Amino acid sequence: MTDSILEKLNDKQIEAVKIVDGPVLVISGPGSGKTRCLTHRIAHLISAGVRPQNILAVTFTNKATEEMRNRVSHLLNFQFPISPGLASAWPRAGNFQFPLIGTFHSICARILRNEIGRLGYSRSFNIFDDDDQLSLTKKIMAELEIDTQRFNPRGVMNKISSLKTELKFPENYDGEDFYSRMVAKIYKNYQSQLQKMNVLDFDDLIVLTVKIFKNYPEVLDRYQEMWRYILVDEYQDTSYDQYVLINLLGQKYRNLFCIGDDAQSIYQFRRADIRNILNFERDYPEAKIIMLEQNYRSTKNILNAAQEIISNNKSQIPKSLWTDNNSGHKITVKESINERMEAQFIVEEVEDLAAQGYKLRDFAVLYRTHAQSRAIEEAFVAKGFPYQIIGGIKFYQRKEIKDILAYLKFINNPNDIASFERIYNIPPRGLGKGVFEKISRQDEPNLIKAVAALSKEPAPPRQSKAIAQFLNLLNDLSELKTTKKLTDIIKAVVKKTGYENYLINLSLSKSDDHETNDERIENLKELLTVTKKYDSLEMGEGVEKFLEEIALLQDTDKLKDGEIDQNKQGKITLMTAHASKGLEFPVVFLAGMEEGLFPHSRTLINPVELEEERRLCYVAVTRAKERLIITTAKYRNIFGSTQVNLLSRFVNEIPTKLVDYQQMSWSDDETIYY
DNA sequence: CCATAATTCTTTTTT
DNA sequence: AGAATTATGG
């Protein structure tokens with residue numbers, strides 16, 4: 001077995017894969033076989049006698065998790081007994097247990113389901129998304145009578161989030177200046193309300209796990225014993241709290257394998273801390289450090305262009321990438337009049353290359369912001385080219401889906417007042433803000449009990465009738481969790497609450513909105529197909545698992561991925577440069593390469609952020625295997641008005657001899673084009 | 001209390 | 001330009 005595991009690897013990769021014990025840090029350039037290295041190492045550990053259940057592999061995205069699971073199970077010849085899409089399942093077949101591979105957040109959620117009782121939460125906690133987080137922040141600021149015009153709630157929220165990431169807990173933080181003292185006050189309030197609601201935000205998942213590990217050494221010890229071999233992917237993207245978490249888990253057996261590339265660090269805005277690479281060398285001085293510099297992915301021209309771009313950054317670990325691949329084509333740079341012409345050019349180029357034998361699945365269009373997708377989509381629709389967008393339109397962010405999810409969340413956790421606030425009068429049932437205030441003043445965290453208490457108080461007849469009916473509904477709903485399967489629960493929720501009729505009536509009143517209505521009902525049906533796979537789980541467990549998974553899921557359409565393979569041609573993939581990390585395509589379009597867009601205008605004043613933009617550009621460029629086509633628009637519509645943009649500095653950083661520059665083929669009056 | 005009108009953001013990137 | 005939030009009136 002060992003031979004076949006090492007067969008297709010180069011010397012450096014073999015070195016990294018073969019070390020069983022002790023800390024290892026691998027710096028791996030783009031296309032240097034990082035995932036291969038990780039997966040083969042897992043297989044090698046197992047063949048060297050390590051028990052699979054003693055292995056933990058941590059990734060950043062669900063996509064990476066899925067990929068790694070598939071490749072490891074292929075290497076091990078492992079058949080998943082349950083649907084592999086069930087990300088939180090812990091698969092086993094017979095006595096063989098599969099190694100645990102998951103994102104930071106999903107692994108912590110799993111730990112917390114078992115251990116969080118120690119911190120005064122219960123195991124059925126709900127997870128807040130960004131919107132929930134922001135509205136709670138706003139609510140607290142209103143309660144504390146803080147002017148949200150002067151102090152942006154989003155800024156406050158970010159500050160709270162960074163305090164958490166730095167492991168500054170509300171009980172130990174009071175702030176050092178006016179602003180941070182104010183934030184500290186909001187923070188304390190925010191956290192105590194979360195706890196009362198039995199809800200965690202994204203940061204809590206990591207931070208509370210760390211808290212438990214620090215305060216309860218016997219718990220930490222159990223997990224250290226369980227996960228004696230730890231692998232961390234995309235190590236450059238870890239934040240301080242994640243670093244501490246990994247360090248706590250790894251410090252006993254010291255079999256810590258971290259792989260990453262400082263040049264591909266693109267999440268510092270989300271508090272990824274590049275110093276974690278340096279800290280690793282400090283905390284594990286015995287660590288082996290291995291550089292993977294051979295690129296298997298791109299042509300020489302593409303790789304050289306990427307290196308020229310990144311060489312303009314001051315801070316980076318020196319490395320020299322090389323490839324045996326051909327020089328390949330020059331990089332196309334095409335300037336268009338506006339974003340519609342740009343999209344038009346991309347469509348034509350796809351047609352040309354498809355005629356040369358490329359399949360649609362070979363193409364990716366990358367851009368800096370989601371907003372850019374629209375013009376390109378329109379062009380593809382007009383041509384009838386199938387495409388898929390990664391990220392962007394969030395299925396689970398649609399109103400009707402969020403409403404139903406709020407019901408589910410409330411059923412799962414009747415302390416969740418945020419979900420309660422969303423649904424108490426959706427569909428309208430005669431309960432106004434006044435009633436809601438009364439309910440929340442009951443000083444009873446369980447809201448069903450709070451409503452029950454209120455129903456005993458005297459009130460105007462119409463109101464008390466509405467409250468009594470509502471109480472019946474809530475009781476009916478809360479029974480569902482223990483008696484029904486997930487899809488049945490959702491069906492029952494839609495029916496019992498009258499939600500479907502509500503949607504129909506809603507669109508009837510807005511006369512011209514037939515499509516929206518159909519779409520919404522379609523979306524609800526879609527939700528039911530997604531949830532089917534949870535029906536095999538135990539009653540209450542299905543709800544819990546489902547809610548956890550969608551809370552931790554970012555790109556939404558992945559649940560429909562099966563369709564892609566059925567079509568031999570596949571689809572063109574559209575996504576942000578961020579979302580493209582870890583992927584590769586024969587042909588990559590890099591759209592909107594203009595000053596102010598990429599690099600984004602908000603980064604131009606800050607040299608640190610500008611370097612991050614450059615790394616992002618480096619990531620985008622190195623996704624391409626054979627062809628890289630850069631497009632720009634001279635005039636671009638932003639916020640409804642037209643902007644004149646210059647060519648991105650990153651494009652100018654590519655040596656001209658690598659570029660085939662296609663000048664704008666237009667000389668007449670340009671104004672008619674925008 | 002709810003539907004419509006007026007207004008004010010929004011588009012950086014995501015677990 | 002479009003979405004989202006707030007103001008207003010029935």
Side-chain angles (χ1 to χ4, degrees), chain A residues 58-65 87 102-109 127-131 133-135 138 142 148-149 152-154 158 161 164-165 200-207 234 237-239 241-242 265-272 366-375 390-394 397-399 425-436 460 462-463 466 505-506 509-510 548-556 575-581 592 596-604 606 609-610 612-613 615-617 619-620 636-643:
Chain A
V58 191
T59 67
F60 270 83
T61 63
N62 297 300
K63 211 189 295 161
T65 293
T103 63
F104 269 104
H105 296 266
S106 73
I107 287 163
C108 286
I127 299 169
F128 254 15
D129 66 22
D130 273 6
D131 293 339
Q133 220 180 326
L134 185 61
S135 41
K138 279 181 184 163
T148 49
Q149 296 296 325
N152 186 328
R154 191 162 253 120
N158 282 333
S161 174
K164 288 189 174 188
T165 310
L200 309 196
D201 64 19
F202 278 125
D203 297 312
D204 285 341
L205 289 168
I206 314 289
V207 162
E234 306 284 13
D237 288 333
T238 47
S239 50
D241 54 338
Q242 290 167 335
S265 161
I266 56 175
Y267 286 113
Q268 282 176 37
F269 76 92
R270 217 181 67 200
R271 287 174 276 285
L366 309 184
Y367 37 74
R368 180 67 235 279
T369 67
H370 284 300
Q372 288 166 257
S373 73
R374 180 164 288 174
I390 309 284
I393 350 116
K394 307 242 152 106
Q397 250 158 266
R398 287 166 218 238
K399 219 171 257 154
N425 200 32
I426 299 281
R429 51 175 75 91
L431 299 174
K433 226 181 173 134
V435 176
F436 174 73
R462 196 196 296 182
Q463 203 178 74
N505 291 335
L506 204 68
S509 67
K510 279 190 200 162
E548 176 175 317
E549 231 162 85
I550 56 160
L552 302 178
L553 189 75
Q554 83 299 356
D555 50 47
T556 53
M575 65 188 142
T576 62
H578 280 89
S580 75
K581 192 161 70 155
L597 230 201
F598 200 172
H600 195 273
S601 53
R602 295 168 94 117
T603 66
L604 295 177
N606 183 336
E609 288 180 38
L610 192 67
E612 177 147 313
E613 291 285 296
R615 289 192 296 271
L616 180 59
C617 179
V619 167
R636 186 177 290 276
N637 266 44
I638 274 170
F639 290 151
S641 59
T642 304
Q643 253 183 27

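First the proteins, then the strands, lettered A, B, ... as listed; each starts at 1. Because the structure is a prediction, the values reported are computed rather than measured.
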Protein-nucleotide distance ([X], atom [atom1]; [N], atom [atom2]), rounded to Å:
{"X": "A/L552", "N": "B/dT14", "atom1": "CG", "atom2": "C1'", "result": "12 Å"}
{"X": "A/R374", "N": "C/dA1", "atom1": "CZ", "atom2": "P", "result": "12 Å"}
{"X": "A/I426", "N": "B/dC1", "atom1": "CD1", "atom2": "C1'", "result": "13 Å"}
{"X": "A/D131", "N": "C/dA3", "atom1": "CG", "atom2": "C1'", "result": "13 Å"}
{"X": "A/L205", "N": "B/dT14", "atom1": "CG", "atom2": "C1'", "result": "14 Å"}
{"X": "A/N152", "N": "B/dT10", "atom1": "CG", "atom2": "P", "result": "7 Å"}

Q) Are A/K164 and A/D204 within salt-bridge range, i.e. N to O under 4.0 Å? A) yes
Q | Pair A/K581 + A/D237: basic N to acidic O under 4.0 Å | A |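 Salt bridge: yes.
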Run the ring-ring contact (aromatic ring centres under 6.0 Å, His included) test against [X] and tell me which residues pass, sequence neighbours left out.
{"X": "A/Y367", "value": "none"}
{"X": "A/F128", "value": "none"}
{"X": "A/F639", "value": "none"}

Set of residues satisfying side-chain contact (heavy atoms from CB on, under 4.5 Å) with respect to [X], sequence neighbours excluded:
{"X": "A/T603", "answer": "A/P599, A/H600, A/E609, A/L610, A/E613"}
{"X": "A/P428", "answer": "A/N425, A/Y502"}
{"X": "A/D129", "answer": "A/D131, A/D132, A/K402"}
{"X": "A/L134", "answer": "A/K138, A/P153, A/R154, A/M157"}

Q | Sugar-phosphate, base or nothing in reach of A/D130, heavy atoms under 4.0 Å | A | base
Q) Which whole number of Å gives the distance between the P atom of B/dT11 and that of C/dT6? A) 16 Å
What does the list of N/O pairs under 3.5 Å between the protein and nucleotides 8-10 of chain C look like, with a distance for each?
none

Q: With DNA chain B as reference, determine whether A/N425 or A/H105 sits nearer its 5' end, using the nearest nucleotide of each.
A: A/N425
Name the pairs: protein N/O against N/O of nucleotides 11-13 of chain B, kept only if under 3.5 Å.
from: B/dT11; atom 1: O3'; to: A/R602; atom 2: NH1; distance (Å): 3.2
from: B/dT12; atom 1: OP1; to: A/R602; atom 2: NE; distance (Å): 3.2
from: B/dT12; atom 1: OP1; to: A/R602; atom 2: NH1; distance (Å): 2.3
from: B/dT12; atom 1: OP1; to: A/R602; atom 2: NH2; distance (Å): 3.3
from: B/dT12; atom 1: OP2; to: A/H600; atom 2: NE2; distance (Å): 3.3
from: B/dT12; atom 1: OP2; to: A/R602; atom 2: NE; distance (Å): 3.4
from: B/dT12; atom 1: OP2; to: A/R602; atom 2: NH1; distance (Å): 3.1
from: B/dT12; atom 1: O4'; to: A/H600; atom 2: NE2; distance (Å): 3.4
from: B/dT12; atom 1: O2; to: A/R368; atom 2: NH1; distance (Å): 2.7
from: B/dT12; atom 1: O2; to: A/R368; atom 2: NH2; distance (Å): 2.3
from: B/dT13; atom 1: OP1; to: A/H370; atom 2: N; distance (Å): 3.1
from: B/dT13; atom 1: O4'; to: A/R368; atom 2: NH2; distance (Å): 3.4
from: B/dT13; atom 1: O2; to: A/R368; atom 2: NH2; distance (Å): 2.8
from: B/dT13; atom 1: O2; to: A/H578; atom 2: NE2; distance (Å): 3.4

